[in-house]
Amino acid sequence: MESLPEAVLIRILASIPAVDLVLVCRLVCCQWKNLVDGAALWILKCQQEGLTREESDEENWQNFYFLSKKRKNLIKNPCGEEDLEHWGEVENGGDGWKIEELPGDFGKEFPSEEVHKYFVTSYEWCRKAQVIDLRAEGYWEELMDTTQPKIMVRDWYAGRRDAGCLYELSVKLLSDNEDVLAEYKSETVTIPQDNDANWTEICHTFSSYGPGVRFVRFEHGGQDTLFWKGWYGVRVTNSTVTVEP
């Protein structure tokens, strides 16, 4: 192995699972450590597995590889397929939260065919939240403190054509002690009665938020503005929190 050209050795190492490269191969010798810590090996692994990025000046291709492989929606039960499972700190104003099938009364289909249900609010404020433990999801402390990958937040909301409603979104990045290190809060969105019932996406990206982030707290909610008994308030679905490569 010592006589192999470095380019050949990189190709051999690129065929080894990424976790083994970091936990095993990196410890073999100084040459292998340098290769595993370098960019060329991880650029090749990204190319082999179809992982691409817009910019070409990525400083840490190893982190980019692992973040790309781990990328997923960290919100559990985002569309109400499991009723209110995984949602905590639930505030059930009026008649409380309800899950309905798309498109619902006086509603419209969701832009994606993969989404079949939504949560709907009532005549007083309804709120619900999820707290995401980043370490439990595999995002280690050094990564969050040094690389500080972007954290992308998305949510979808809509009214029904015959009723007006309100909507709010609040997302906080928390430390181990639950101190707020960064926060995004939408304005209170007002949807008038006789609206078009279209689904609207709201997005926010956290970046350069500083060290210490260990949790993401996602909260949204709303109500109707006519105070009709039942479920005439804002509809929400397909909530998303992702850690971006």
Side-chain angles (χ1 to χ4, degrees), residues 1-76 78 130-155 171-176 179-184 201 203-218 238-245:
M1 295 290 283
E2 294 178 359
S3 62
L4 286 176
E6 189 170 279
V8 175
L9 182 55
I10 286 175
R11 287 197 169 274
I12 294 173
L13 291 174
S15 66
I16 297 173
V19 173
D20 292 334
L21 284 173
V22 174
L23 298 181
V24 180
C25 298
R26 191 174 179 274
L27 306 179
V28 170
C29 64
C30 289
Q31 181 191 21
W32 285 32
K33 178 181 181 298
N34 290 335
L35 291 178
V36 173
D37 288 346
L41 171 60
W42 297 100
I43 290 173
L44 179 57
K45 284 191 74 66
C46 287
Q47 292 172 345
Q48 289 175 340
E49 300 184 35
L51 304 177
T52 59
R53 66 190 312 274
E54 294 180 1
E55 298 86 359
S56 59
D57 59 347
E58 173 63 38
E59 293 182 2
N60 194 324
W61 280 90
Q62 183 183 133
N63 280 350
F64 172 73
Y65 176 88
F66 279 107
L67 285 170
S68 297
K69 297 292 284 186
K70 291 179 66 64
R71 189 176 185 274
K72 65 176 181 178
N73 185 7
L74 300 177
I75 292 286
K76 296 178 175 61
Q130 277 193 41
V131 177
I132 298 163
D133 184 336
L134 293 170
R135 283 174 297 196
E137 296 292 343
Y139 298 98
W140 57 99
E141 294 182 359
E142 182 182 0
L143 174 74
M144 299 307 302
D145 291 347
T146 58
T147 303
Q148 294 177 32
K150 293 179 180 179
I151 299 174
M152 179 78 73
V153 177
R154 300 177 185 273
D155 201 20
V171 186
K172 298 176 181 179
L173 305 186
L174 306 176
S175 70
D176 250 336
D179 297 323
V180 179
L181 303 181
E183 181 176 8
Y184 168 76
E201 184 181 36
C203 306
H204 180 74
T205 301
F206 291 97
S207 60
S208 303
Y209 39 76
V213 172
R214 302 293 180 262
F215 302 94
V216 180
R217 185 182 185 279
F218 179 103
N238 205 37
S239 307
T240 307
V241 173
T242 55
V243 178
E244 298 292 314

What distance do [X] atom [atom1] and [Y] atom [atom2] have between them, rounded to the nearest 0.5 Å?
X	Y	atom1	atom2	value
Cys25	Leu13	SG	CG	6.0 Å
Tyr65	Gln48	OH	CD	9.0 Å
Ser207	Glu244	OG	CD	11.5 Å
Thr242	Arg71	OG1	CZ	4.5 Å
Arg214	Leu181	CZ	CG	9.0 Å
Leu174	Asp179	CG	CG	8.5 Å

So do [Y] and [X] actually touch side chain to side chain, heavy atoms under 4.5 Å?
X	Y	result
Arg26	Asp37	yes
Met144	Ile151	yes
Val216	Phe206	no
Phe218	Ile75	yes

Show the numbers, then the answer: is there a side-chain contact (heavy atoms from CB on, under 4.5 Å) between Leu67 and Leu143? CA-CA 10 Å; Leu67 285 170; Leu143 174 74; 3.7 Å; yes
For Gln31 and Leu9, run side-chain contact (heavy atoms from CB on, under 4.5 Å): C-alpha distance rounded to whole Å, both residues' side-chain angles, the deciding distance at 0.1 Å, then the answer. CA-CA 10 Å; Gln31 181 191 21; Leu9 182 55; 3.8 Å; yes
Who are the ring-ring contact (aromatic ring centres under 6.0 Å, His included) partners of [X], not counting sequence neighbours?
X	value
Tyr139	none
Tyr209	none
Phe215	none

Kindly say whether [Y] contributes a backbone atom to a donor-acceptor pair with the side chain of [X] at under 3.5 angstrom?
X	Y	result
Glu201	Arg154	no
Thr205	Cys203	no
Gln148	Asp145	yes
Trp140	Leu134	no
Lys76	Ile132	no
Gln62	Val36	yes
Asn73	Ser239	yes
Lys172	Glu183	no

State whether the number of non-hydrogen atoms from other residues, nucleotides or ligands found under 6.0 Å of [X] atom [atom1] is greater than 12.
X	atom1	value
Arg135	CZ	yes
Lys70	NZ	yes
Glu6	CD	no

Check step by step if side-chain contact (heavy atoms from CB on, under 4.5 Å) holds for Leu44 and Ile10. CA-CA 8 Å; Leu44 179 57; Ile10 286 175; 4.0 Å; yes
